[in-house]
Amino acid sequence: MPFKRPRPNPTQGGPNSESSSSRPLPAKQTKTSTAKGLPDMKIYIVQAKLDAESIATLTGLAERHSGVCRNAEDAEVLITAVSMRRRLERHVPWEIAKTKAVVTPQWLRDSIEHGGPLPCDDYVAIGDLHETTVQHCPDCNCKPCGCSDDSPSPTPPTSPRPRTAELSSSPTSLSAASVPEPAERAVYVPENLLPPDPPIPTKLETLDYTSRYACQRPAPLVCVNQSLVRELDTIRHSRWLEGEDRSALSYERAASVIKAYPHKIRSLAQVVKLPFIGTKIGGLIEQYLNTGTILEAETIKGSERFQTLSLFASIYGIGPSTARRLYDLNLRTLEDLEIYYGVERDDVGRQSQIVEVEEKPQHPRWMRGQRAADDGLGDSWIRVALGLREDLAKRIPRAEVEEMGRVVITELNDLKPGCVSTIVGGYRRGKRESNDVDIVFTHPDASKVKGLCKSLVRRLHERGMVTHVMHLSSFHTHDPLRLHHWDNLEKALTVFILPPTSPFYDGTRRRLDLIFASPEVYWTAVIGWTGSIMFQRDIRQWAKDKLGMKFDSSGITRRYDSKEFYPKTEKEVFELFGLQWVDPTWRNADL
DNA sequence: CGGCATACG
DNA sequence: CGTA
DNA sequence: GCCG
């Protein structure tokens, strides 16, 4: 049945999602046009009137054979299925379109087949743009006739274009190819809710890798001392599983500092000066320098207890404490757990029976520790998690994260046009594969956000895309007694599956978190949910230590008088805190 | 020796 | 306690 | 486990 081949998807680091601003890692900008059938052009695909499958296919073709970009004005070639001028103008400013080759999707396919850019004459998408399209066609025959009036061939100076919420006006991927395109009249979105354009550069030289705060230390996805970091992380993980949280925190901090250290470590002297490297951890690093490993980490990795606790705690809803309890009951394998929790092997939770899962309430203090009454019972909900474990353990390639974002945003825009969103989490930090997908949403009109989370979840649920709702909740303002303030943060933790019509569909269920913020706290929510955890922790620590402020995902308040602050952009949060800008791809303070 | 991010269910 |  |  679900034997649609999962797209191999060789080239990644592709187009950044709609309004997210993660970039490819700063290090390399390989220009290898090898293996690409076309020269490296910047192609922008206008999503209107294309279904999800076509978008994915075209994007894939462009990525593999040439290059894509996320802004129309940065592109050389616009590809669109739209044929009417008025329609195109809703997605690309006319003045911009006039400076590009605007062609049909067939041009891309044929050019790839042909092995080079074809003349655009036969592929003009919009009649009124025939002249300019031929002029700007990347096939270099007609270039010499450069009697162009405008055409600054390098990207035009980009006047602040009116930006509208045109995030993926593609139809739902459920409806096949035809396009009704409902709800027109683009909603105007204030500039500050959209990602900065151009993106803000990270001034690495003004940051400080010796800082005691992770939010001042630029940390790449993978560092030059990565294997040492992994050793320390093994010990951290073990401490955490064993309930030694403070010790775990120390290892986490040490690893985080090493992660940001930009040189290969060759001597102990290099690291003992770094913060959070004390006697014990310094000794372990010395050992690592001498032998290439840390004995304790190797021992841990080999131990049955560690392996088992790790396995148990990898199940959603099972933490260190429960994992240890199960281990003490002499359970060791998943099969043991399935028996213990009463799962019938042979695909159970399979098939799309929609399940609503409620968080299990905690036992009262007075009856915990008396392992009795409820040993194999109760947690009907762990059974569900067990059934999901295999799927949720799979990582999600960037391209699929983007597809999920597209699908969800399309549904949302149907529901409430004008929403703005950012895909956050590890994806935004540049990870090539994610464990889950987190999306933060808002709407320029604050009054339209309330209840949206629940509505969207209901809609996705009705359409079979959300199979489980692990959690649905709201946050509120800092007002101890919130009077006229409605909640300004709503959150849903769900399990999601792409519709079978999606080219990425392979039946794997994925964790999807949806976060709705009021526009005033949109960027603080985005910062919070972008992480990494250590980065987030230290930004809060910094706010407290240096500014006397409290920072959480739903806002910033001054501690002594509870005055609230509402930075209008992500950059303004950094400025408010007196911090240098750190791009999301440099916030990888965790392993 | 106290603090280590913070909030919700 | 477990999750973000 | 490390810091002030």
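Proteins get letters first, then strands, A, B, ... in listed order; numbering begins at 1 in each.
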Nucleotide dT3(C), atom C1' - distance to CZ of R511(A) in whole Å: 8 Å
Nearest-angstrom distance from the residue atom CG of D513(A) to P of dC8(B): 17 Å
I'd like to know if E403(A) pairs up with R406(A) as an ion pair, taking the criterion as any Lys NZ or Arg NE/NH1/NH2 lying under 4.0 Å from an Asp or Glu carboxylate oxygen. yes
Out of dT6(B), dC2(D), dG2(C), minimum distance to the side chain of P320(A) belongs to dG2(C)
Closest of dT3(C), dC1(C), dA7(B) to the D552(A) side chain is dA7(B)
Atom pair distance, as rounded to whole Å: CE in M534(A) and P in dT6(B): 13 Å
From the set dA7(B), dT6(B), dG9(B), return the single nucleotide nearest to any side-chain atom of R540(A). dT6(B)
By the 4.0 Å heavy-atom rule, please label I315(A) as base, sugar-phosphate, or nothing. sugar-phosphate
Flag the pair E400(A) and R432(A) as a salt bridge only when some basic side-chain nitrogen lies within less than 4.0 angstrom of an acidic carboxylate oxygen. no
What integer number of Å spans the P atoms of dA7(B) and dC2(D)? 28 Å
Within this structure, what is the CD-to-C1' distance between Q541(A) and dA5(B), rounded to whole angstrom? 7 Å
With a 4.0 Å cut-off, would you call K454(A) and E490(A) a salt bridge? no
Check every atom of dT6(B), dT3(C), dC2(D) against the side chain of K550(A) and return the nucleotide holding the closest atom. dT6(B)
What is the distance, to the nearest angstrom, from the CZ atom on R212(A) to the P atom on dG4(D)? 4 Å
Short side-chain N/O contact to dC1(C) OP1/OP2 from S321(A), under 4.0 Å: yes
Tell me which residues in residues 232-256 of chain A lie within less than 4.0 Å of DNA chain D, going by non-hydrogen atoms. R239(A), R246(A), S247(A), S250(A), Y251(A)
Among all residues two or more places apart in sequence or in another chain, which pass the side chain to side chain donor-acceptor pair (under 3.5 Å) test with D233(A)? R236(A)
Go through dA5(B), dC8(B), dT6(B) for me and flag the one nearest to the F475(A) side chain. dC8(B)
Test of understanding: with side chain to side chain donor-acceptor pair (under 3.5 Å), list the residues that count as partners of T234(A), not counting sequence neighbours. none
Starting at NZ of K546(A) and ending at C1' of dG4(D), how long is that distance when rounded to a whole Å? 12 Å
Would you classify I539(A) as touching base, sugar-phosphate or nothing, given that sugar-phosphate means primed atoms plus P, OP1 and OP2, and contacts are heavy atoms under 4.0 Å? nothing
May I ask you to say whether R458(A) pairs ionically with E411(A), meaning some side-chain N is under 4.0 Å from a carboxylate O? no
By side chain to side chain donor-acceptor pair (under 3.5 Å), which residues pair with Y213(A), not counting sequence neighbours? D545(A)
dA7(B) OP1/OP2 closer than 4.0 Å to side-chain N/O of K491(A): no
Separation of dT6(B) C1' from M549(A) CE (nearest whole Å): 16 Å
Who pairs with R305(A) by side chain to side chain contact (heavy atoms under 4.5 Å, CB included), at least two apart in sequence or on another chain? E242(A), S303(A), L309(A), R324(A), Y327(A), D328(A)
What's I515(A) touching, base or sugar-phosphate or nothing? Going by heavy atoms closer than 4.0 Å. nothing
Distance-only side-chain donor-acceptor flag, Y522(A) / T422(A), under 3.5 Å: yes
Atom-pair distance (NE2 on H471(A); P on dC8(B)), nearest Å: 10 Å
Close approaches to DNA chain D from residues 263-272 of chain A, in residue order (heavy atom, under 4.0 Å): none
Do the side-chain N or O atoms of R537(A) get closer than 4.0 angstrom to the phosphate oxygens (OP1, OP2) of dA5(B)? yes
Less than 4.5 Å apart, any side-chain heavy atom of T585(A) and any of R429(A)? no
Any donor-acceptor pair under 3.5 Å from W240(A) side chain to P320(A) backbone: no
Winner on side-chain proximity to T322(A), out of dC8(B), dG2(C), dC2(D), is dG2(C)
